[in-house]
Amino acid sequence: MRAGLALVVVVVAVVVGDVGAALPRFAEAPEYRNGEGCPAAVAGAGVCDPGLVHIAMTLDAHYLRGSMAAIYSLLKHASCPESIFFHFLAAADGGEGGGGGVGELRTAVAASFPSLRFEIYPFRADAVTGLISASVRAALEAPLNYARNYLADLLPKCVPRAIYLDSDVLAVDDVRRLWETRLPAAAVVAAPEYCHANFSRYFTETFWSDPQLGDRVFAGRRRAPCYFNTGVMVIDLRRWRVGNYRRRIEVWMELQKEKRIYELGSLPPFLLVFAGEVEAVDHRWNQHGLGGDNVLGSCRPLHKGPVSLMHWSGKGKPWDRLDAGKPCPLDHTWKSYDLYIAEGDSSSASAPFALSSSALPAAAFSW
């Protein structure tokens with residue numbers, strides 16, 4: 001049974017006090033309860049409870065509005081929302097611009113989601129800054145974009161796997177379905193693959209022309225290498241640690257500093273390590289590219305087929321386009337989960353009405 005909405009659904013807006021000008025205001029979200037058939041909590045187990053679904057995301061002041069909408073959507077469509085545990089990675093120093101320190105972010109999240117089970121893990125930028133190369137877009141160079149490489153180091157060892165999600169996603173289906181993805185013994189990461197994409201364009205001519213690199217890198221893998229988007233991944237953290245995959249990614253980042261083998265930030269090192277070894281997930285779990293390309297951020301429609309998770313990857317973000325008065329058609333779907341309270345707006349006394357699955361084509365939710 002779908003999770004039940006708590007009795008009190010009309011709530012007052014929460015003004016996060018003393019969190020600094022950099023953090024916007026958000027309404028308190030409706031509270032959702034577990035439906036029938038959800039696993040009973042194990043007393044005293046905390047984050048180590050085997051019945052939990054673990055979701056990892058980054059958290060910062062700049063993308064907090066997107067994160068809040070993503071959390072809201074995940075809870076609304078979950079069959080067992082009280083069995084979701086969120087692991088947030090945040091810059092230890094508050095990130096660029098300040099005002100988004102770990103304490104302030106914790107206060108903001110707890111104010112909008114009083115019953116949310118979560119922890120925030122400080123991520124030190126100096127762990128990766130020396131490895132980051134210039135990218136096609138400055139935003140892709142932010143150290144927090146690379147925090148997912150360190151998930152297995154930061155999360156408790158008792159957490160067996162995690163779903164990593166970018167901050168610009170919206171779930172319109174029960175995330176437990178994604179959590180239950182089967183990972184065969186040979187796989188560490190599961191994600192939707194896009195084998196029709198031109199895989200070669202993710203690397204430079206320097207890479208492909210080097211006899212020690214190019215096709216030789218992907219020889220002997222389980223399948224031919226395909227592009228996959230790192231904004232939605234199921235990761236086996238135990239296998240990641242055993243295989244020391246963080247270090248494998250860092251080796252490629254070090255090589256990039258010596259010879260430019262790719263142009264895009266944190267994605268290519270993942271492709272170099274995992275392409276051809278990823279366990280494929282249905283494309284419905286990452287309808288990506290809704291932010292447009294990395295230069296123009298133009299509007300894009302959904303891909304053909306069912307939809308379980310929408311992803312505004314690319315330059316354009318729905319909150320920016322909405323505020324500018326130039327939204328794309330799908331940005332209005334995102335708006336229905338937006339908890340943001342505009343400055344000077346006293347009318348937003350409750351969370352927005354979030355679209356149910358019936359608001360999208362029926363085919364989007366067929367199983």
Side-chain angles (χ1 to χ4, degrees), residues 1-3 5 29 32 34-35 37-38 52-57 66-86 148 161-183 187 189-197 226-236 278-291 300-314 317-318 328-338 352-367:
M1 179 181 290
R2 186 62 69 178
L5 180 63
Y32 294 93
N34 281 359
C38 293
L52 293 176
V53 170
H54 296 276
I55 295 177
M57 304 175 68
S67 300
M68 290 292 205
I71 297 166
Y72 182 16
S73 71
L74 288 158
L75 295 174
K76 175 179 172 55
H77 295 285
S79 56
C80 303
E82 294 176 287
S83 300
I84 298 177
F85 196 103
F86 286 85
R148 56 189 157 213
R161 66 162 59 182
I163 297 173
Y164 175 82
L165 298 175
D166 277 350
S167 297
D168 52 0
V169 304
L170 206 66
V172 291
D173 200 353
D174 186 359
V175 73
R176 183 170 285 273
R177 299 182 189 270
L178 179 59
W179 172 259
E180 293 173 348
T181 297
R182 178 181 171 272
L183 275 170
V189 170
E193 289 186 299
Y194 304 90
C195 295
H196 64 278
C226 292
Y227 160 74
F228 66 96
N229 181 280
T230 52
V232 179
M233 297 184 290
V234 181
I235 303 173
D236 188 306
V278 169
E279 186 65 15
V281 173
D282 194 293
H283 290 175
R284 68 187 304 141
W285 285 107
N286 193 352
Q287 283 271 353
H288 69 295
L290 302 183
R300 287 183 179 173
L302 289 171
H303 305 293
K304 291 182 179 180
V307 184
S308 290
L309 185 141
M310 303 165 70
H311 186 188
W312 276 262
S313 58
K317 302 306 172 189
C328 293
L330 289 172
D331 295 346
H332 295 290
T333 300
W334 183 90
K335 177 63 178 175
S336 67
Y337 294 88
D338 186 14
F353 171 74
L355 295 177
S356 67
S357 59
S358 60
L360 289 173
F365 300 91
S366 59
W367 282 90

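If you read the sequence from its start, that first residue is 1, and numbering goes on from there. Just so you know, these numbers use all the heavy atoms, side chains as well, and skip hydrogens, waters and symmetry mates.
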For this session: Scan His303, His311, Lys317, Met310 and name whichever one has a side chain to side chain contact (heavy atoms under 4.5 Å, CB included) with Leu290.
Result: Met310

Problem set entry | Distance (rounded to the nearest 0.5 Å) between Thr333 OG1 and Lys335 NZ | 13.0 Å

Exercise. Is it the case that Trp285 and Asp173 place a side-chain donor and acceptor less than 3.5 Å from each other?
Worked result: no

Seminar exercise, completed: Nearest heavy-atom approach of Val172 to Tyr337 is CG1-OH, 4.3 Å

Exercise. With distance as the sole test, does Ser73 use its side chain to make a donor-acceptor pair with the main-chain N or O of Ala171 at under 3.5 Å?
Worked result: yes

Exercise. Quick one: CE on Met57 to OG on Ser167, what's the gap to the nearest 0.5 Å?
Worked result: 4.5 Å

Exercise. Does Pro306 offer a backbone N or O that forms a donor-acceptor pair with the side chain of Gln287 under 3.5 Å?
Worked result: yes

For this session: Compare all side-chain heavy atoms of Trp179 with those of His54 and state whether any distance is below 4.5 angstrom.
Result: yes

For this session: Provide the closest heavy-atom pair for Asn229 versus Tyr194 in the form atom of the first, atom of the second, distance.
Result: N-CE1, 4.4 Å

Problem set entry | Whether Ser83 side chain and Leu52 backbone form a donor-acceptor pair below 3.5 Å | no

Exercise. Which of these passes side chain to side chain contact (heavy atoms under 4.5 Å, CB included) with Met233: Val189, Asp166, Asn286?
Worked result: Val189

Problem set entry | Contact check, side chains of Cys38 and Glu82, non-hydrogen atoms, under 4.5 Å | no

Problem set entry | Flag for Arg148-Thr230: side-chain donor and acceptor within less than 3.5 Å | yes

Problem set entry | side-chain contact (heavy atoms from CB on, under 4.5 Å) evaluation trace for Arg177 with Ser308 | CA-CA 10 Å; Arg177 299 182 189 270; Ser308 290; 6.0 Å; no

Exercise. About how many Å separate CD1 of Ile55 and CG of Leu74, when rounded to the nearest 0.5 Å?
Worked result: 4.5 Å

For this session: Identify the heavy atoms of Val175 and Val53 that sit nearest to each other, and give their distance.
Result: CG1-CG1, 4.4 Å

Problem set entry | Rounded distance (nearest 0.5 Å) linking atom CG of Leu165 with atom CG of Leu170 | 11.0 Å

For this session: Over all heavy atoms of both residues, which pair between Tyr72 and Ala29 is shortest? Give the atoms and the distance, please.
Result: CD1-CB, 4.3 Å

Problem set entry | Gap between atom NE2 of His288 and atom CZ of Phe228 - 0.5 Å precision | 12.0 Å

Problem set entry | Any donor-acceptor N/O pair, His283 side chain to Glu193 backbone, under 3.5 Å | yes

Exercise. Rounded to the nearest 0.5 Å, how far apart are CD1 of Ile163 and CG of Leu309?
Worked result: 9.5 Å

Exercise. So, for Pro81 and Leu75, which heavy atoms are closest and what is the spacing to 0.1 Å?
Worked result: CB-O, 3.8 Å

For this session: Applying side-chain contact (heavy atoms from CB on, under 4.5 Å), name anything that partners Ala190, two or more places apart in sequence or on another chain.
Result: Thr181, Leu183, Val234, Glu279, Val281

